[in-house]
Amino acid sequence: MNFKDKIIRLSEVDSTNAYAREILKKFPSIQEGTTIVAGFQTSGTGQDGKAWESHKEQNLLLSIIVHPDFLQPDQLFYLNISIALAVFDFIESFYIKDSKIKWPNDIYVGNKKIAGLLIHNDLEFNRIRNSIIGIGININQDNFNTDIPNPVSLKNILKKETDVNVCLENLLDYIENRYNMLKNKDFEKLFSQYHDALYLLGQETLFLDNKDEEFQGIIDGVRSDGRIRIITPQGIRFFEFREIRYIF
Ligand code: BTN
């Protein structure tokens, strides 16, 4: 099955992730790679429950349903790695040199965010039964709300519009390729390529911990369980997603 074989196109929906959840309730074994694409979301959701802003028909808004039951729950972070790498591959295909993956799964160009992922996993009997991979990529939007800290679109960078449908086809090819690597348990390669693309790796950076205390450190890498490893003057510290914020 090809990821481009089953695309459900909606002009408007609350959220493609929510729509995918409803589909899974009715058809829990729906074909892997089923993709829901929307031109506009009335309640597009980002990480931390924040709204995901996207003007009508300007950007890529999609959710892909997969059944990664070949992964153990402790290998779940590799799903995150493979999809982040696929979106990174897609951005790099425009010859954009300074694209990076900001841990755990934002795609950055320079110090600005061009894409984000929101993945929901459904675990059953110690196996991952379903995952909904929500992806938002800023393609042709010129301006963003001022309360979004650092967004950027492909158009802002390339200074020209790109066909969103062609983008979708190409993105799904990159995703299928990385997902096949995951299926083949090519974990070492995925892990090392994720590190090669990691934003601020090895650089002195300022962070805020979850007590709102500022600290300086150097990102040393990410553990296979998804925790980030930071070298600080006090020693090595590990953090889960949402336990730290980067200070720009
Ligand atoms: C983030 O905050 O970085 C994650 C953004 C994920 C947004 C996408 S858009 C398509 C899918 N549907 C949603 O409601 N959210 C995700």
Side-chain angles (χ1 to χ4, degrees), residues 3 6-25 33-66 77 79-88 90-91 99-122 130-141 144-145 147-154 164-165 167-172 174-175 194 197-200 222 226 228 240-246 248:
F3 274 43
K6 190 141 192 226
I7 300 179
I8 301 170
R9 290 175 193 271
L10 307 167
S11 58
E12 187 174 310
V13 70
D14 51 355
S15 147
T16 56
N17 273 22
Y19 192 91
R21 260 197 304 279
E22 289 309 310
I23 293 186
L24 275 170
K25 273 191 208 154
T34 299
T35 297
I36 299 105
V37 187
F40 184 67
Q41 297 184 127
T42 51
S43 305
T45 318
Q47 286 152 16
D48 291 330
K50 288 189 192 126
W52 182 256
E53 180 195 334
S54 177
H55 294 170
K56 261 192 180 122
E57 311 289 342
Q58 300 286 290
N59 302 314
L60 263 180
L61 305 166
L62 66 146
S63 297
I64 306 170
I65 298 172
V66 289
F77 190 63
L79 174 66
N80 175 91
I81 286 182
S82 59
I83 305 300
L85 274 170
V87 180
F88 170 79
F90 166 76
I91 299 296
S99 55
K100 291 279 173 201
I101 300 172
K102 178 170 174 275
W103 172 82
N105 54 24
D106 289 342
I107 310 302
Y108 266 48
V109 174
N111 290 322
K112 295 187 168 190
K113 177 164 166 172
I114 192 162
L117 305 182
L118 191 61
I119 304 179
H120 294 285
N121 301 301
D122 182 5
N130 305 306
S131 296
I132 298 170
I133 301 163
I135 306 174
I137 308 180
N138 301 329
I139 306 286
N140 290 322
Q141 189 163 328
F144 294 83
N145 283 349
D147 56 345
I148 300 180
N150 52 350
V152 72
S153 69
L154 211 49
V164 177
N165 286 318
C167 285
L168 175 66
E169 300 258 314
N170 293 339
L171 175 71
L172 291 177
Y174 286 116
I175 290 177
Y194 179 83
L198 199 61
Y199 178 65
L200 296 177
V222 175
I228 194 162
E240 293 209 32
F241 182 43
R242 295 194 183 86
E243 285 182 346
I244 53 162
R245 275 173 293 152
Y246 297 51
F248 293 100

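Indexing begins at 1, ligand by ligand and atom by atom, following the structure's order. Numbers here simply count residues along the sequence, with the first being 1.
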Practice item. Return the set of residues passing ring pair (Phe, Tyr, Trp, His ring centres under 6.0 Å) with Phe90 (not counting sequence neighbours), or none when no residue passes. Key: Phe94
Point to revise | With Phe241 via ring pair (Phe, Tyr, Trp, His ring centres under 6.0 Å) - residues at least two apart | key: none
Check your understanding: To the nearest 0.5 Å, how far apart are CD1 in Ile135 and CG in Leu172?
Key -> 7.5 Å
Practice item. Find the distance between CD1 (Ile132) and OH (Tyr19) and round it off to the nearest 0.5 Å. Key: 12.5 Å
Review point. So, the side chain of Ser15 versus the backbone of Asn17: is there a donor-acceptor pair under 3.5 Å, distance only?
Key: yes
Check your understanding: Under a strict 4.0 Å criterion on non-hydrogen atoms, which protein residues are in contact with ligand 1?
Key -> Ser15, Thr16, Asn17, Gln41, Gly44, Thr45, Gly46, Gln47, Trp52, Leu61, Leu62, Ser63, Asp106, Lys113, Gly116, Leu117, Leu118, Gly134, Ile135, Gly136
Check your understanding: salt bridge (Lys or Arg N to Asp or Glu O under 4.0 Å): which pairs involve residues 99-111, sequence neighbours left out?
Key -> Asp106-Lys113
